[in-house]
Chemist: 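Please read through the structure below; I'll follow up with questions.
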Amino acid sequence: MKKIAILGAMTAAGLSAGVASAATLDDVKARGKLNCGVTTGLVGFAAPNANGEWEGFDVGVCRAVAAAVLGDPAAVEFVPTTGKTRFTALASGEIDLLARNTTWTFSRDVDLGFEFVGINYYDGQGFMVPKALGVSSAKELDGATICIQTGTTTELNLADYFRKNNISYEPVPIETNAEAQPLYLEGACDVYTTDASGLAATRAAFENPGDHVVLPEIISKEPLGPLVRHGDNQWGDIARWTLNALIAAEELGVTSANVQELAASAGENPEINRLLGTEGTLGAMLGLEADWAVKAIAAGGNYGELFEKNIGENTPIGLARGLNAQWTEGGLLYSPPFR
């Protein structure tokens, strides 16, 4: 009953915030910065560097939206959020956009009054264990203690998986990834479970990554993506089509290195011309300048550039594109047409 009451309150808060904030674009412009909710720290996705500057794959989405709207990828106030606080921060209007590893689900989209604007990472829940444990499958984890972040889909997935396989576990609740790392390394839990991308990022931060293995089972679908409040369709369109611009740019061969040159004059590819604003009026339809997508792409590169720089195979995270490859390369990544 308590959970239902909380969900109901958040639904009301989300809907009222959405209606009251039906001019988010105006608010962001008047403020001169985008308030973007991110994780409290997940290397490769969103974390402050040695200079205190936020960087990462999800951070790139925030900077692209800021560039599209304000012309400045640095005009972002990053607001760290946990699994528990992220939805309250968005519903209350504390943030304009939530861009952290958040799974698109029915209840979050409908009941909590949010709008997911796309998928920037196709993921699935996995398990990490110390190699010394001698476990090769999640089905061998009967009786294990498992570190799990509260307020996430991983809690429900974990319960479903163990129930289906008729095995038991003891949960060790944690609120942030930073909290999980020392507990797991100290042996307070045998296993850490979260999205497979999060496990890769966490393991990469260990002093001896090779001492830990990610088990082969992927037990869920975790489509991760940015979201906004219901009730402001224009702002939702801006966030959605900024993400699509980064995805389409990679498919079309538009990069941070050549975008300015391609935007200098209309070329032979009409899709590129429409994307970059040298043809048509797509920018005006969004209430933005004609070169909004040029600024978004120049901010940190197209989708592929952001992926390779922050989490790709040549980074400590070491993620292959897999399902996150372009549809033309056997993946699921696909932008609707710019026309």
Side-chain angles (χ1 to χ4, degrees), residues 38-50 54-60 78 80-86 99-103 120-133 135-138 141 144-155 157-158 161 169-220 222 224 306-324:
V38 291
T39 181
T40 53
L42 185 61
V43 175
F45 286 87
N49 61 23
W54 283 85
E55 57 185 25
F57 185 65
D58 290 330
V59 166
F78 291 100
T81 63
T82 69
K84 284 185 174 180
T85 65
R86 54 184 166 175
R100 70 188 299 283
N101 47 327
T102 298
T103 303
N120 73 327
Y121 195 91
Y122 291 90
D123 211 342
Q125 184 175 335
F127 301 90
M128 179 169 63
V129 299
K131 187 178 290 184
L133 200 61
V135 172
S136 59
S137 168
L141 296 176
T145 54
I146 302 180
C147 280
I148 183 167
Q149 291 185 51
T150 55
T152 65
T153 57
T154 56
E155 286 185 293
N157 296 335
L158 183 66
Y161 181 79
Y169 68 97
E170 181 182 339
V172 179
I174 47 117
E175 193 164 342
T176 67
N177 186 66
E179 182 184 345
Q181 289 189 29
L183 288 175
Y184 169 77
L185 290 173
E186 293 164 7
C189 52
D190 303 312
V191 187
Y192 182 33
T193 183
T194 188
D195 299 336
S197 63
L199 294 178
T202 300
R203 184 173 64 171
F206 291 166
E207 185 175 346
N208 298 300
D211 291 346
H212 307 270
V213 295
V214 176
L215 300 178
E217 287 87 357
I218 297 295
I219 67 169
S220 68
E222 305 294 331
L224 310 179
L306 285 173
F307 192 104
E308 295 307 321
K309 174 184 177 183
N310 294 292
I311 58 176
E313 292 183 288
N314 294 322
T315 70
I317 314 303
L319 294 174
R321 288 291 292 267
L323 295 178
N324 296 292

Chemist: Do Ile146 and Cys189 have side chains that approach each other closer than 4.5 Å (heavy atoms only, starting at C-beta)?
Modeler: no
Chemist: Identify, with sequence neighbours excluded, every residue that meets ring pair (Phe, Tyr, Trp, His ring centres under 6.0 Å) alongside Tyr169.
Modeler: Phe162
Chemist: May I have the step-by-step check of side-chain contact (heavy atoms from CB on, under 4.5 Å) for Phe45 and Asn101, ending in yes or no?
Modeler: CA-CA 8 Å; Phe45 286 87; Asn101 47 327; 5.6 Å; no
Chemist: Applying side chain to side chain contact (heavy atoms under 4.5 Å, CB included) between Leu224 and each of Asp58, Thr102, Asp195, report the one that passes.
Modeler: Asp195
Chemist: Specify the closest pair of heavy atoms between Ala204 and Pro209, including all atoms of both residues, with the distance to one decimal.
Modeler: O-CG, 4.4 Å
Chemist: Is any side-chain heavy atom of Thr194 closer than 4.5 Å to a side-chain heavy atom of Leu199?
Modeler: yes
Chemist: I'd like to know whether Glu175 forms a side-chain contact (heavy atoms from CB on, under 4.5 Å) with Thr40, so could you lay out the CA-CA distance, the side-chain angles of the two residues, the decisive distance to 0.1 Å, and finally the verdict.
Modeler: CA-CA 10 Å; Glu175 193 164 342; Thr40 53; over 6 Å; no
Chemist: Does a side-chain heavy-atom distance below 4.5 Å link Thr202 with Leu42?
Modeler: yes
Chemist: Looking only at non-hydrogen atoms, find the nearest pair between Thr315 and Lys309 and report the distance.
Modeler: CG2-O, 3.5 Å
Chemist: With distance as the sole test, does Gln125 use its side chain to make a donor-acceptor pair with the main-chain N or O of Ser220 at under 3.5 Å?
Modeler: no
Chemist: Hey, is the main chain of Ala46 close enough, under 3.5 Å, to the side chain of Arg100 for a donor-acceptor pair?
Modeler: no
Chemist: Once you round to the nearest 0.5 Å, how far does CD1 of Ile219 lie from OH of Tyr161?
Modeler: 7.0 Å
Chemist: Is any side-chain heavy atom of Leu185 closer than 4.5 Å to a side-chain heavy atom of His212?
Modeler: yes
Chemist: Less than 4.5 Å apart, side chain to side chain, heavy atoms only: is that true for Thr153 and Glu222?
Modeler: yes
Chemist: Check whether any side-chain heavy atom of Val135 lies under 4.5 Å from a side-chain heavy atom of Leu215, and answer yes or no.
Modeler: yes
Chemist: How long is the span from the CZ atom in Arg203 to the CD atom in Gln181, to the nearest 0.5 Å?
Modeler: 13.0 Å
Chemist: I'd like to know whether Glu155 forms a side chain to side chain donor-acceptor pair (under 3.5 Å) with Thr150, so could you lay out the CA-CA distance, the side-chain angles of the two residues, the decisive distance to 0.1 Å, and finally the verdict.
Modeler: CA-CA 7 Å; Glu155 286 185 293; Thr150 55; 5.6 Å; no
Chemist: Just how far is it from atom OG1 of Thr193 to atom CZ of Phe127, taken to the nearest 0.5 Å?
Modeler: 4.5 Å
Chemist: Considering non-hydrogen atoms only, spot the tightest contact between Phe78 and Val59 and give its length.
Modeler: CZ-CG1, 3.6 Å
Chemist: Decide yes or no for Val129 and Val213: does some side-chain heavy atom of the first lie under 4.5 Å from some side-chain heavy atom of the second?
Modeler: yes
Chemist: To the closest 0.5 Å, what do you measure between CZ (Arg321) and CD (Glu308)?
Modeler: 6.0 Å
Chemist: Return the CG to OH distance between Leu323 and Tyr122, rounded to the nearest 0.5 Å.
Modeler: 8.5 Å
Chemist: Please name all residues satisfying ring pair (Phe, Tyr, Trp, His ring centres under 6.0 Å) with Tyr192, sequence neighbours left out, ordered by chain then number.
Modeler: none
Chemist: When rounded to the nearest 0.5 angstrom, what distance separates OG1 in Thr154 from CD1 in Ile148?
Modeler: 4.0 Å
Chemist: Take atom CG in Asn314; do more than 12 heavy atoms of anything else shown fall under 6.0 Å from it?
Modeler: no
Chemist: Can you tell me how the ring of Phe307 sits relative to the ring of Tyr121, calling it parallel under 30°, perpendicular over 60° and tilted otherwise?
Modeler: parallel
Chemist: If only atom types and distance count, is the side chain of Thr82 paired as donor or acceptor with the main-chain N or O of Lys84 below 3.5 Å?
Modeler: yes
Chemist: How about Glu313 and Leu319: do any of their side-chain heavy atoms sit closer than 4.5 Å?
Modeler: no
